[in-house]
Amino acid sequence: MQMIDRPVVALVVAAGSGSRLGGEVPKALVQIDGRPLVRWSVEAMVAGGCQRVVVVVAAPLVDDFRAALAGVSVPLQIVVGGARRQDSVANGLAAAGEQGIVLVHDAARPFVPVDVVRSVHEAVAQGAACVIPVVPVIDSIRRARGVSSHVVDRSELVAVQTPQGFDLATLRESHEQAALQGLEVTDDAAVCEAAGHPVLLVAGAREAMKVTEPFDIHVANAIATQRRQMAANAFQENP
Ligand code: C5P
């Protein structure tokens, strides 16, 4: 039987307020080693094999994002987001096409490695409805209730990253169902799971950290500088 490749579209959500980062520039437009954070995230999706990108942004910033993303090498559409992350994803899905594979990615994760992006959409291409990258939890964890707390076995826990990959029609239907049920979620795997679809875990990477607090900007700049130096060294060895 001939396998027909399904198109892979990236839906990059960047409409959050970024209030935990502080500062005057919106988080996704903060410069990391001379490039806006959202541009790193979009380029990561393209490098990982996405053929089209939809970027979801806050209404007053459409022109700023258009400038930040000028010249990206695949077709790119900018749409306006909503009050909650799930509203922003729903708006993006309306522009993502009918059929195929969709990778929903937080703009706040600029350095997700190419291997992670590929493994997510390849698992969807092989038939999974919902695929998420995860990393082990490294800190000890306690559940806190007021002044009392108790330990939680971290060996059973994983931290969830993005991009999360889905069959596009399945994610759209799941979001419609979630809206009807008034479901509140923090990611799209939860939307699919609530609609009865199994969630497949694949290995994520520490580099796919979410830039959230001011400290994370220092880490992001260090990663970007290291990547630039590695690229320069590789060029010197093989001009
Ligand atoms: O707030 P949180 O860390 O969950 O945000 C994750 C991603 O979702 C960020 O890239 C943020 O810009 C995006 N987001 C969005 N629309 C919202 C809230 C968050 O696109 N209303």
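Ligands are counted one by one from 1 in listed order, and the atoms in each one are counted from 1 as well.
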Exercise. Considering non-hydrogen atoms only, spot the tightest contact between V74 and Q51 and give its length.
Key: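 Heavy atoms only, the tightest pair is CB-O, 3.5 Å.
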Quiz prompt | For G81 against V56, the heavy-atom pair lying closest together | solution =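 So the minimum-distance heavy-atom pair works out to CA-CG1, 3.3 Å.
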Protein contact to [atom] [nearest heavy atom, distance to 0.1 Å]:
atom	answer
atom 7 (C) of ligand 1	D106 OD1, 3.3 Å
atom 11 (C) of ligand 1	G16 N, 3.6 Å
atom 13 (C) of ligand 1	V13 O, 3.7 Å
atom 16 (N) of ligand 1	S88 OG, 2.7 Å
atom 20 (O) of ligand 1	A15 N, 2.8 Å

Quiz item: Below 4.0 angstrom, N of the basic side chain to O of the carboxylate: do R172 and E176 qualify?
Solution: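 Looking at E176 together with R172, the answer is no, because their closest N to O distance does not fall below 4.0 Å.
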Quiz item: Is D188 paired with R85 through a side-chain N to carboxylate O contact shorter than 4.0 Å?
Solution: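 Result for this pair is yes, salt bridge flagged.
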Quiz item: Does the N or O separation between A107 and ligand 1 drop below 3.5 Å for any pair?
Solution: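 Indeed, backbone or side chain, A107 has an N or O that close.
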Quiz item: Which part of A83 is near ligand 1, with near meaning a heavy atom under 4.0 Å away: side chain, backbone, both or neither?
Solution: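 Backbone only; the side chain of A83 stays clear of ligand 1.
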Quiz item: Are any of the side-chain heavy atoms of Q31 and V25 separated by less than 4.5 Å?
Solution: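 In short, these two side chains do not touch, never coming nearer than 4.5 Å.
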Practice problem: Would you mind reporting whether P7 and R52 have side-chain heavy atoms less than 4.5 Å apart? | Solution: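 A side-chain contact under 4.5 Å is absent here.
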Quiz prompt | Any K210 heavy atom less than 4.0 Å to ligand 1 | solution =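 Right, K210 reaches ligand 1.
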Quiz item: Looking only at heavy atoms of A14, does any of them come nearer than 4.0 Å to an atom of ligand 1?
Solution: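 Per 4.0 Å heavy-atom rule, A14 contacts ligand 1.
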Quiz item: Does atom CD of Q181 have more than 12 heavy-atom neighbours from other groups under 6.0 Å away?
Solution: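 Result for CD/Q181: enclosed.
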Exercise. Closest by any non-hydrogen atom to atom 1 (O) of ligand 1: pick that one out of R20, R85, R84.
Key: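 Among R20, R85, R84, the closest heavy atom to atom 1 (O) of ligand 1 comes from R20.
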Quiz item: For ligand 1, which atoms sit closer than 4.0 Å to a heavy atom of A108?
Solution: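 In order of numbering, the contacting atoms are 10 (O).
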Quiz item: Would V102 and V120 show up in the same hydrophobic cluster when neighbours are defined by side-chain heavy atoms closer than 4.5 Å?
Solution: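 No, because V102 and V120 fall into different hydrophobic clusters, even though each may have its own neighbours under 4.5 Å.
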